[in-house]
Amino acid sequence: QVQLVESGGGLVQAGGSLRLSCAGSGWTFGSYVMGWFRQAPGKEREFVAAITWSGDTTYYTDSVKGRFTISRDNAKNTGYLQMNSLKPEDTAVYYCAAGRLESTQVGAYDYWGQGTQVTVSS
């Protein structure tokens, strides 16, 4: 059974940091592109970052460039999203996802985690 489980969300003050983790099981984690998306209340799910299966190429949406870092450890079947200098507008449920293609589109990803809440207070 393919499974992705996120962890590491929580409440943090503006300017603070959090590291999200995404643990994969039941499949060959290392052969998939991994992405992070987020969804704020009343808004559509949006792309945050993605990383190729090898980890040598990363992609970010403009609003998080220079603040967030995506990484992965295929030996541990785990991906990460380090979030620094957090802002109230980063508040959302964060989802990790896995797919075969490098893409910023929700529909390109085959597997999704259940999400973890990130709340940034001002």
Side-chain angles (χ1 to χ4, degrees):
Q1 180 180 358
V2 175
Q3 195 170 23
L4 288 170
V5 179
E6 301 98 335
S7 61
L11 173 64
V12 64
Q13 288 188 333
S17 298
L18 284 173
R19 189 175 83 153
L20 305 183
S21 297
C22 174
S25 62
W27 54 302
T28 309
F29 180 86
S31 62
Y32 283 76
V33 172
M34 189 187 76
W36 285 95
F37 290 75
R38 65 187 180 188
Q39 188 166 17
K43 294 187 177 181
E44 293 186 352
R45 192 169 298 189
E46 65 172 2
F47 172 78
V48 176
I51 186 168
T52 54
W53 68 270
S54 64
D56 60 355
T57 303
T58 57
Y59 306 86
Y60 298 94
T61 192
D62 286 345
S63 62
V64 307
K65 285 180 181 176
R67 300 188 298 122
F68 290 11
T69 303
I70 188 171
S71 62
R72 66 191 300 163
D73 184 340
N74 291 338
K76 295 182 178 179
N77 279 4
T78 302
Y80 306 96
L81 185 68
Q82 177 67 43
M83 305 186 295
N84 298 329
S85 302
L86 282 161
K87 304 176 181 180
E89 52 263 44
D90 294 318
T91 295
V93 177
Y94 282 71
Y95 299 89
C96 69
R100 291 294 192 180
L101 301 175
E102 298 165 31
S103 176
T104 63
Q105 302 301 307
V106 170
Y109 290 81
D110 303 309
Y111 305 108
W112 291 83
Q114 82 290 348
T116 185
Q117 177 70 47
V118 171
T119 303
V120 184
S121 63
S122 56

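This chain uses plain numbering: 1 for the first residue, then up along the sequence.
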How far apart are the C-alpha atoms of Ser31 and Trp53, what are their side-chain angles, what is the distance that settles it, and do they pass the side-chain contact (heavy atoms from CB on, under 4.5 Å) test?
CA-CA 5 Å; Ser31 62; Trp53 68 270; 5.6 Å; no
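- Residues satisfying the salt bridge (Lys or Arg N to Asp or Glu O under 4.0 Å) criterion with Glu46, sequence neighbours excluded, are Arg38.
- Counting heavy atoms from C-beta outward, Val64 and Met83 have side chains that stay 4.5 Å or more apart.
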Atom pairs and distances, donor-acceptor, side-chain atoms in residues 7-19, under 3.5 Å, two or more places apart:
unit_1, atom_1, unit_2, atom_2, d
Ser17, OG, Asn84, OD1, 2.9

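- Separation of atoms CG (Leu20) and CZ (Phe68) is listed at 8.0 Å; rounding is to 0.5 Å.
- The two residues Arg72 and Met34 have their closest heavy-atom pair at NH1-N, 3.7 Å.
- Remark: Ser85 engages Arg67 in a side-chain contact (heavy atoms from CB on, under 4.5 Å) (not counting sequence neighbours).
- Cluster partners of Val93 are Val33, Phe37, Phe47, Tyr59, Tyr95, Val106, Tyr109, Trp112, counting Ile, Leu, Val, Met, Phe, Trp and Tyr whose side-chain heavy atoms approach within less than 4.5 Å, directly or via other members.
- When all heavy atoms of Ala50 and Ser103 are compared, the closest pair comes out as CB-O, 4.4 Å.
- Among all heavy-atom pairs drawn from Gly79 and Trp36, the shortest one is O-CZ2, 4.3 Å.
- Distance check: Ser54 OG to Asn74 CG gives 8.5 Å after rounding to the nearest 0.5 Å.
- Residue Thr52 holds its OG1 atom at 15.5 Å from OH of Tyr32, rounded to the nearest 0.5 Å.
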Take Arg100 and Asp110 through the test side-chain contact (heavy atoms from CB on, under 4.5 Å) and record every step on the way to the result.
CA-CA 8 Å; Arg100 291 294 192 180; Asp110 303 309; 4.0 Å; yes
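- A salt bridge links Asp62 with Lys65; the closest basic N to acidic carboxylate O contact falls under 4.0 Å.
- Between the CD1 atom of Ile51 and the CD atom of Glu102 there is a distance of 10.5 Å, given to the nearest 0.5 Å.
- Gln105 meets the side chain to side chain donor-acceptor pair (under 3.5 Å) test with no other residue; sequence neighbours excluded.
- Between the side chain of Gln114 and the main chain of Val5, no donor-acceptor pair closer than 3.5 Å is present.
- In this structure, the separation between OG on Ser63 and NZ on Lys87 is 7.5 Å, given to the nearest 0.5 Å.
- At distances below 3.5 Å, not a single donor-acceptor pair connects side-chain atoms of Thr116 with backbone N or O atoms of Tyr94.
- You'll find the side chain of Tyr80 stays beyond 4.5 Å of the side chain of Thr69, heavy atoms only.
- Asp56 is linked by a salt bridge (Lys or Arg N to Asp or Glu O under 4.0 Å) to nothing, counting only residues two or more places apart in sequence or in another chain.
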